[in-house]
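The figures here come from the full heavy-atom set of this structure, side chains too, leaving out hydrogens, waters and symmetry mates. One-based numbering along the sequence shown.
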Amino acid sequence: MTTDQETAAEQIEPARPPARGPSRNLVMIAGAVGGGLVAWFFYAWLGLRRNVVDAAGESIGSGIFLLLVLSVAGATYRSRR
């Protein structure tokens, strides 16, 4: 005769392996790019004496441009595989 605990134990699915996160190199590169964009903002704002909004626009625009380049490179790489 089986108990409720035994049947519940049989119905439990096996544990899944943990999901893999981003690699350490990817985190370091993303941090360096983010730090570079923040540095570019402060350089444009304080060094080039631009308006805060203009400096932020330059930094954000540069980040969007880098994402666009990365997207095109990734699409090109995947289409050749």
Side-chain angles (χ1 to χ4, degrees):
M1 186 151 83
T2 61
T3 62
D4 291 341
Q5 290 179 349
E6 291 174 352
T7 7
E10 292 173 358
Q11 294 175 355
I12 295 175
E13 296 180 19
R16 296 181 184 173
R20 291 181 54 195
S23 68
R24 182 176 178 178
N25 290 338
L26 181 63
V27 172
M28 296 298 286
I29 291 170
V33 169
L37 290 173
V38 170
W40 177 252
F41 165 74
F42 281 111
Y43 176 70
W45 179 35
L46 300 172
L48 299 177
R49 297 185 182 269
R50 299 202 179 181
N51 188 356
V52 174
V53 176
D54 292 339
E58 283 186 25
S59 180
I60 292 170
S62 298
I64 291 172
F65 176 72
L66 288 174
L67 287 174
L68 177 67
V69 168
L70 185 65
S71 176
V72 169
T76 304
Y77 174 73
R78 286 184 183 247
S79 69
R80 293 184 181 220
R81 281 182 25 176

For S71, give me all partners under side chain to side chain contact (heavy atoms under 4.5 Å, CB included), at least two apart in sequence or on another chain. none
Other cluster members, I60 - Ile/Leu/Val/Met/Phe/Trp/Tyr, side-chain contacts below 4.5 Å: I64
Which atom pairs, donor and acceptor, lie under 3.5 Å between side-chain atoms of residues 19-41 and protein residues at least two apart or in another chain?
unit_1 : atom_1 : unit_2 : atom_2 : d
S23    : OG     : L26    : N      : 3.3
W40    : NE1    : E58    : OE1    : 3.4

Treating S59 as the side-chain partner and A56 as the backbone partner, does any N or O pair qualify as donor plus acceptor under 3.5 Å? no
Can you give me the closest heavy-atom contact between N51 and W45, atom names plus distance? C-CD1, 4.4 Å
